[in-house]
Every structure is written in structure tokens, then in C-alpha cells.
Amino acid sequence: MTTTDRNEPGRNKANGLTRRTALMAGPALGLAASGLVGRASAQDAGTANREAEAATERARMMTPGWSRFELGDARVTTVLDGLRPGEGPYPTFGMDQSQEAMGELMRANFLPETRFVNGFTPTLVELDDNLILFDTGFGEGGRENGFGKLEERMKAAGYGPEAVTIVVLTHFHGDHIMGLTRASGEPTFPNARYVAGQKEWDFWTSDEAKNGEGADSAKLVEAKVVPFRDNMTFLNDGDEVVSGITAMEAIGHTPGHMIFEVASGGERLMLTADTANHFVASLQKPEWHVRFDMDKDMAAETRKRVFDRIAEERLPFIGYHMPFPAVGYVEKLADGGYRFIPESYQFEVEKEA
């Protein structure tokens with residue numbers, strides 16, 4: 001593993017990626033503002049706007065909204081689609097607990113008790129002759145609320161949307177699928193084929209989903225995902241996206257939620273999607289219920305299973321809602337929870353012999 005500039009776009013690799021290199025956008029690198037806009041209630045609008053303005057100013061100075069590292073022969077780029085300040089984490093997280101219990105947990109971790117910021121981070125993996133995008137963010141429909149930054153930040157990182165050869169959908173919630181198409185209905189990634197879990201597809205296209213509590217989500221799936229049916233590959237547990245990227249069931253958040261292991265050059269990385277969605281509330285308290293987990297008990301069991309393995313094998317992981325750049329490790333705690341350890345320079349130095 002070689003030392004790299006985390007924000008250097010368009011850097012050539014020794015093995016070359018000719019098709020993708022030809023398709024990549026030019027390496028314009030500007031520090032774009034993050035455009036953070038809160039979705040708070042009306043009485044909280046002033047607070048949310050002040051937080052958004054402050055966060056936007058920090059973003060101008062701190063980050064272009066993308067980050068890159070190498071994993072064996074693969075190149076991994078995380079892209080911040082947007083940030084959402086708002087009320088919480090309770091009751092979205094720890095909904096079976098109390099504000100007092102959540103406040104105590106937040107205080108212990110030097111975090112505000114009643115406000116938090118949620119991030120959305122699609123991931124790009126260059127491997128062999130493919131550029132693989134995991135999840136698509138909010139797309140054009142999210143831009144009025146400060147989201148939908150994926151495409152512009154991909155371009156800042158050196159990739160045009162036409163460079164994507166495979167789009168992988170970890171599950172079908174809106175913040176993962178809305179970027180599949182433009183407002184006109186045209187595909188955002190015109191040269192891609194599409195990959196999703198068979199169980200996820202079967203559920204969201206079923207009469208149960210269309211007529212149940214998730215009917216609105218099923219309608220969104222009908223509009224955004226179903227048009228790609230003829231160009232979509234469906235995976236089950238253990239199937240490969242391409243050689244080196246393996247799908248694993250991580251059910252609970254949705255009926256067919258999947259995570260992925262990336263293996264290249266003897267190194268491994270887990271893409272955990274929405275298995276854990278807050279770096280403290282979901283990891284230190286994996287058994288606490290989360291509002292958006294459809295089967296809350298199963299989701300808690302899945303969190304423990306997935307992060308037990310990540311901790312035991314000392315694997316890096318990328319979580320869709322982890323603090324940007326969304327890359328880190330976990331340490332198993334004595335009480336059964338996990339401590340999130342953000343990645344710092346582990347990918348920037350030569351591996352020990």
C-alpha cells in the first residue's frame with residue numbers, strides 16, 4: 001500500500017483502468033460548500049438554519065466532500081451526499097429508552113443531548129475494470145434541502161456519472177435510491193448495470209409492501225428502481241457483485257438489507273450500509289431500537305453479529321451514516337457494545353512486512 005493524497009483526483013494506478021480512465025471527468029478540485037439545510041420542525045427552524053449556516057461555512061474551509069484511499073489494488077472513494085442537522089438522536093435512536101438515558105449517553109461521549117447531525121455517504125470502489133457505486137443518495141430531488149451532492153462531488157473527485165459501470169443498492173430506502181434517476185426520469189448513471197438483493201426486491205414489489213405501512217416507500221421503489229429491472233442482477237447471501245466483492249445478508253433494517261465485503265491484495269473492508277446508523281447510539285448500544293429498522297429485534301441481532309466480526313477481525317468498515325468520511329474500526333466493549341474509532345492514517349502508510 002502506497003502513501004496517497006486523500007483528495008488527489010484522477011491519479012493513475014499501475015495496473016491502469018483504460019475504459020474508466022477514458023470516461024472519467026476532468027480533475028477539477030474546488031472546495032465546494034456542503035449546503036447543509038436542516039429538516040427541523042417549524043419551531044426549530046431558526047436553530048436549524050443557524051446550524052446549517054455554521055456547518056456550511058466550516059465545510060468551505062474543511063473538506064471538498066470526498067475522501068479516497070487504497071485497499072490492495074482497489075481504490076475506494078467516499079462521497080458526502082449531504083448532512084442533516086436536527087433533533088435527536090432520541091427518539092429516532094433508542095426509541096425504546098428515554099431522553100434521559102440518551103442524554104446521559106451523549107454527555108458521556110461529549111455530544112449534544114438533543115441535537116445531532118446525520119450524514120449520507122455513498123461509496124465508489126474502483127476494482128479491475130469496474131467503477132462500482134454503492135447507493136445513490138438523494139439525487140436532484142434532495143437539492144433544495146441541501147442533499148443530492150453526489151454527482152458534483154464525484155466530478156470533483158475525478159469521476160463523471162457515465163464512468164460508473166455497476167450501481168449496487170444495499171436496500172431500497174429513499175436516501176439510497178433517489179439518485180438513480182434525474183428529475184427528467186433519465187438514468188443518472190447511463191452506462192451502469194444494477195445490482196440488488198433478491199429478498200429486498202421481492203419485498204418492496206410485493207402486495208404486502210404496496211398495501212402496508214411502507215406503501216409510500218413501495219411507490220418510490222416503483223418509480224426509481226423498477227424501471228431498471230431488465231438491467232438488474234439480484235443477489236443472495238454469499239453471491240458476488242464482481243470477483244472480490246461479496247454480498248452478505250444483514251436483515252432487520254429492511255427485509256433484504258445487504259452488506260458487502262471488499263477484498264483486494266490481501267486486504268479487506270466491510271461496507272455496512274445501514275446496519276448501524278449512529279456512531280455512538282447504534283454502536284455503544286446495539287440493542288437499542290431504531291425507528292427506521294423495520295424489524296427492530298432482528299436489526300439489533302444483526303448489529304451484534306456484524307460488528308462482533310468486524311471487531312474480532314479488526315476490519316475497517318464504511319457505514320453510510322457514520323461521521324464523514326465514514327471510515328473506521330470498532331473495539332468491543334465489556335458491556336457488549338462497541339467503540340467507534342475513526343480512520344486516521346492507517347491507509348496512508350506502507351504495511352508492515
Side-chain angles (χ1 to χ4, degrees), residues 1-2 4 6 11-24 66-79 121-136 154 157-159 163-171 176 189 191-198 200 231-250 256-275 305-307 309-320 322 325-329 343 346-351:
M1 183 178 295
T2 56
T4 64
R6 184 63 61 89
R11 180 171 42 78
N12 292 326
K13 295 186 69 177
N15 62 349
L17 295 167
T18 55
R19 178 175 182 271
R20 182 161 61 258
T21 302
L23 290 170
M24 283 171 64
W66 61 275
S67 182
R68 176 177 292 149
F69 61 91
E70 291 183 359
L71 184 88
D73 295 323
R75 190 191 305 184
V76 181
T77 305
T78 60
V79 182
T121 308
T123 297
L124 290 151
V125 177
E126 285 186 66
L127 185 61
D128 298 328
D129 200 33
N130 280 298
L131 178 63
I132 305 161
L133 172 65
F134 291 84
D135 294 323
T136 67
M154 280 179 57
Y159 304 113
V164 175
T165 60
I166 303 173
V167 173
V168 178
L169 301 174
T170 61
H171 62 294
H176 297 256
F189 309 99
N191 297 315
R193 65 180 179 89
Y194 301 85
V195 173
Q198 182 70 63
E200 189 76 353
N231 195 22
M232 187 168 286
T233 301
F234 297 106
L235 302 182
N236 292 298
D237 186 53
D239 290 343
E240 289 190 328
V241 178
V242 295
S243 180
I245 301 182
T246 304
M248 303 176 188
E249 288 186 350
H257 181 265
M258 301 196 89
I259 64 176
F260 296 84
E261 180 181 81
V262 181
S264 178
E267 300 179 43
R268 292 181 297 151
L269 167 76
M270 297 295 292
L271 302 177
T272 61
D274 282 14
T275 307
R305 173 175 57 83
V306 169
F307 286 99
R309 179 189 171 191
I310 288 173
E312 180 180 349
E313 299 183 21
R314 300 174 65 88
L315 296 175
F317 79 99
I318 296 173
Y320 194 75
M322 292 295 108
V327 188
Y329 302 80
E343 184 271 333
Q346 290 93 330
F347 297 107
E348 305 298 336
V349 297
E350 294 283 356
K351 289 290 186 183

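The structure presented is a predicted model; accordingly, all values stated were derived computationally and were not measured. One-based numbering along the sequence shown.
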CG of D73 to CD of E126: how many Å apart, nearest 0.5 Å?
-> 11.5 Å
To the nearest 0.5 Å, how far apart are OG1 in T165 and CG in D129?
-> 7.5 Å
Compare every heavy atom of M258 with every heavy atom of A247, then report the nearest pair and how far apart it is.
-> CB-CE, 3.6 Å
Backbone of T78 reached by a side-chain donor or acceptor of T123 within 3.5 Å = no
Would you say the ring centroid of F189 lies under 6.0 angstrom from that of Y194?
-> no
Determine whether L124 and R75 make a side-chain contact, defined as any pair of heavy atoms from C-beta on separated by less than 4.5 Å.
-> no
Short side-chain to backbone donor-acceptor contact, H257 and H171, under 3.5 Å | no
Approximate separation, where rounding is to 0.5 Å, of R309 CZ and L315 CG = 6.0 Å
Would you call F134 and I245 a side-chain contact if the rule is heavy atoms closer than 4.5 Å?
-> yes
Going through the distances and angles, do V168 and L235 end up as a side-chain contact (heavy atoms from CB on, under 4.5 Å)?
-> CA-CA 10 Å; V168 178; L235 302 182; 5.9 Å; no
Backbone of E240 reached by a side-chain donor or acceptor of T246 within 3.5 Å = no
Any donor and acceptor pair, going by atom type alone, linking the side chain of D237 with main-chain N or O of E249 inside 3.5 Å?
-> yes
Indicate the atoms forming the closest heavy-atom contact of Y320 with P122, along with that distance.
-> CE1-N, 3.5 Å
With rounding to the nearest 0.5 Å, note down the distance linking CG in L133 to CG in L169.
-> 8.5 Å
Using the side chain to side chain donor-acceptor pair (under 3.5 Å) rule, pick out the option among D135, T272, T275 that qualifies with T170.
-> D135
Return yes when atom CD of E313 has more than 12 non-hydrogen atoms of other residues, nucleotides or ligands closer than 6.0 Å, and no otherwise.
-> yes
N231 (side chain) donor-acceptor with A192 (main chain) under 3.5 angstrom | yes
Please work out which of the three classes, parallel, tilted or perpendicular, describes the rings of F69 and F347, given edges at 30° and 60°.
-> parallel
Measure the shortest side-chain to side-chain distance between M154 and V164 over non-hydrogen atoms and say whether it is less than 4.5 angstrom.
-> yes
Paired with F317, the side-chain contact (heavy atoms from CB on, under 4.5 Å) test is passed by just one of E261, R268, M322, namely M322
Taking all non-hydrogen atoms of both residues into account, name the closest pair between S243 and D128 and its distance.
-> O-OD2, 4.5 Å
Could you tell me the separation between the CD1 atom of I318 and the CG atom of L71, rounded to the nearest 0.5 Å?
-> 9.0 Å
Side chain proximity check, V76 to V262, heavy atoms < 4.5 angstrom = no
Go through I132 and F260 one step at a time and tell me if the side-chain contact (heavy atoms from CB on, under 4.5 Å) criterion holds.
-> CA-CA 12 Å; I132 305 161; F260 296 84; over 6 Å; no
Closest non-hydrogen atom pair, M232 against A196 | SD-CB, 4.1 Å
Is V327 close to S67 at the side-chain level, that is, under 4.5 Å between some pair of heavy atoms?
-> no
To the nearest 0.5 Å, atom CD of Q198 lies from atom CD of E200 at 11.0 Å
